[in-house]
There are 2 protein chains.
Amino acid sequence: MKKLTLNETADFLLKNDNYAILTHRRPDGDTIGSSAALCRILRKLGKTAHVIRNHEISDRFAWLHEGLTKEEASETDTLVTVDVASPGMLPKQFEKYLGSIALRIDHHASATSFTESELVDAGSAASAEIIYDLQQQLWVDFDPATADAIYVGTSTDTGCFRFANTTSHSFVTAAACAANGARVYQLNQELFETNTLGRLKIQGWIVEHMKVFRDGKLAIIAIPKAVEESIGVTEDDMDNISSFPRTVAGVCMASTLRETREGDVKLSVRAIPGYDATALTAKFGGGGHKGAAGATLKMSLTAAAQAVETAMLEL
Amino acid sequence: MKKLTLNETADFLLKNDNYAILTHRRPDGDTIGSSAALCRILRKLGKTAHVIRNHEISDRFAWLHEGLTKEEASETDTLVTVDVASPGMLPKQFEKYLGSIALRIDHHASATSFTESELVDAGSAASAEIIYDLQQQLWVDFDPATADAIYVGTSTDTGCFRFANTTSHSFVTAAACAANGARVYQLNQELFETNTLGRLKIQGWIVEHMKVFRDGKLAIIAIPKAVEESIGVTEDDMDNISSFPRTVAGVCMASTLRETREGDVKLSVRAIPGYDATALTAKFGGGGHKGAAGATLKMSLTAAAQAVETAMLEL
């Protein structure tokens with residue numbers, strides 16, 4: 001496996017042709033946006049380029065691939081993955097391409113090499129930021145469709161610039177997208193200013209039932225499986241729900257317990273700087289980062305909630 | 001009144017001294033952040049500069065003015081306002097300075113001139129963006145405290161880059177702040193990822209009680225004064241609450257009715273592009289923009305809700 005610089009990757013893209021671009025399973029805004037932008041950039045260079053249609057793509061992002069896809073890569077195609085950190089991240093439909101992928105473009109730090117060459121920049125918050133750098137390197141025109149695609153990748157992977165991974169380069173990328181026709185306001189409305197009814201209902205339930213203690217600095221919420229079922233939330237509705245209790249004004253560290261099944265509880269802890277979530281999860285054999293950590297507790301939800309509350313008071 | 005260019009304003013700042021900076025009433029992140037940044041920039045130029053302490057400042061932004069304030073301007077001071085669009089926007093305590101203000105730096109389009117000279121850029125989403133431009137013009141070092149101040153101004157006035165006023169220049173300003181030590185992640189957590197309990201409770205109540213119709217595209221919620229009182233919400237909790245019902249997935253236009261007092265109802269309408277909020281508020285003698293409009297209805301809350309729902313169905 002050969003590690004490429006930005007320059008060398010640009011040279012590679014100029015030298016080869018017939019590109020087939022691969023995205024990862026459960027595709028998110030970054031893998032879809034980055035693949036769409038790369039495909040458009042390659043076509044501007046006069047290359048033949050397609051994104052191979054990912055069967056798992058959701059309506060939320062499918063419009064980005066319109067006019068860019070084909071069903072299968074041919075044997076003579078130059079295969080490129082974007083935002084794929086390991087072979088396991090490829091959808092089943094793409095496993096047959098393993099062993100013949102020429103280039104991987106990615107921003108994941110803990111990645112497994114599985115391609116002939118790779119451009120990996122772990123300092124980028126999104127793969128889309130690397131695609132933007134490549135575009136600059138290649139002096140390709142920046143059109144509105146490419147700007148939309150790069151903006152979607154950058155904004156979704158940074159949580160609209162709110163996650164800790166956001167850098168000056170993320171804002172530079174967004175500035176370039178906005179200056180070149182990205183529909184920043186409309187995309188933000190669609191991607192970030194929308195909540196499902198299920199999500200809003202479970203948040204309402206959490207507000208009514210969470211326990212706040214130690215002068216409002218600590219919070220704990222235990223969500224019974226029966227409550228999730230009666231509200232009718234989906235896994236999408238529950239995505240990152242553990243970050244919600246921490247957003248209550250004054251709360252510095254919050255524990256969220258979910259009953260995955262009887263006698264099996266998933267603990268997720270979120271903390272602001274100055275607090276250490278891992279200090280809590282370590283007591284239950286879990287791990288993570290200071291700001292976000294987790295553990296699994298093999299006990300009833302009531303027992304788990306009691307144990308976690310006691311442990312929080314001991315911190 | 002003399003209109004100044006960016007260049008001329010930079011010259012003005014270099015030529016004069018003993019600056020006293022004024023902010024607006026009910027001070028927000030932009031007036032506080034911009035005044036703090038301007039004061040720091042002037043001090044770096046070797047000038048004597050202070051922000052005149054605004055008695056209405058909240059805890060949320062007071063830290064930005066630490067070490068920069070004095071109580072009163074002296075007669076020989078050069079008075080500068082930031083983010084003040086009209087004399088009426090000055091706090092009562094600053095009214096005595098009217099008539100002796102040398103310069104106004106602002107980004108409000110519909111502004112009233114009331115100073116000897118002014119630099120107004122209505123294309124900027126925040127006054128802080130203009131302060132950033134001035135800093136660039138003056139070739140002043142960009143330190144972390146100034147970066148924090150400019151970031152707070154820019155991010156709060158753009159709703160963390162989600163409002164329609166966000167431009168490429170807003171992102172450029174944020175990029176420069178991030179590159180020069182602004183605590184972007186921490187500030188975002190404090191400013192945007194925090195909700196008061198009162199706010200969360202009223203949102204929960206809205207989710208439970210809002211009526212969604214016309215295939216989920218239209219929504220209406222009528223909030224009785226008694227509900228606000230029983231939850232115990234403050235006006236801060238209710239700030240921009242009318243933008244909340246529109247965030248429910250699928251909702252394109254939402255009407256929020258609040259009972260200001262018996263027989264007096266405030267209607268606020270929010271709509272996504274493609275829908276026109278003013279088409280609805282015009283029926284009740286109100287006005288606004290396509291995306292956000294309002295009206296006052298002199299009738300009971302129940303009657304108002306019925307009238308608005310009927311009007312929405314007629315659109």
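Chain identifiers are assigned alphabetically (A, B, ...) following the order of the sequence lines, protein sequences preceding nucleic acid strands; residue numbering begins at 1 within each chain. All heavy atoms count here, side chains included; hydrogens, waters and symmetry mates do not.
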Given B:Asn188, B:Leu187, B:Thr247, the one with more heavy-atom pairs under 4.5 angstrom with chain A than any other is B:Thr247
### Message
Could you tell me if B:Thr146 and B:Arg40 have a donor-acceptor pair between their side chains, going purely by distance under 3.5 Å?
### Response
no
Next on the checklist: Regarding A:Asp30 and A:Thr156, do their side chains bring together a donor and an acceptor under 3.5 Å, going by distance alone?
Outcome noted: no
Turns out that what part of B:Val248 lies under 4.5 Å from chain A's heavy atoms comes down to both
Original post:
Is there a donor-acceptor pair closer than 3.5 Å between any side-chain N or O of A:Glu56 and the backbone N or O of A:Arg26?
Top reply: yes
key: Residue pair B:Tyr151 / B:Arg183, side-chain heavy-atom distance below 4.5 Å   = no
Is the backbone of A:Asp121 close enough, under 3.5 Å, to the side chain of A:His107 for a donor and an acceptor to pair up by distance? no
Comparing B:Ala179, B:Pro273, B:Ala174 against chain A, the one with the most heavy-atom pairs below 4.5 Å turns out to be B:Ala174
Listed by number, the residues in residues 201-208 of chain B that come under 4.5 Å of chain A (heavy atom to heavy atom) are B:Lys201, B:Gly204, B:Val207, B:Glu208
Fit a plane to each ring of B:Phe161 and B:Phe171, take the angle between them on a 0 to 90° scale, and name the class: parallel (under 30°), tilted (30 to 60°) or perpendicular (over 60°). parallel
Cut-off 4.5 Å, heavy atoms of chain B, and the answer for A:Phe244 is side chain
With no hydrogens and no angle check, just 3.5 Å: does a side-chain donor-acceptor pair link B:Gln189 and A:Arg246?
yes
Under 3.5 Å donor-acceptor, B:Asn180 side chain and B:Ala176 backbone:
yes
Whatever's closer than 4.5 Å to a heavy atom in chain B on A:Val172 counts as both
Ranked by heavy-atom pairs below 4.5 Å to chain A, first place among B:Ser243, B:Ser168, B:Ala178, B:Ser155 goes to B:Ser168
Given A:Ala249, A:Cys177, A:Gly250, the one with more heavy-atom pairs under 4.5 angstrom with chain B than any other is A:Ala249
Is it the case that the side chain of B:Thr234 and the backbone of B:Asp237 share a donor-acceptor pair, with hydrogens and angles ignored and the cut-off at 3.5 Å?
yes
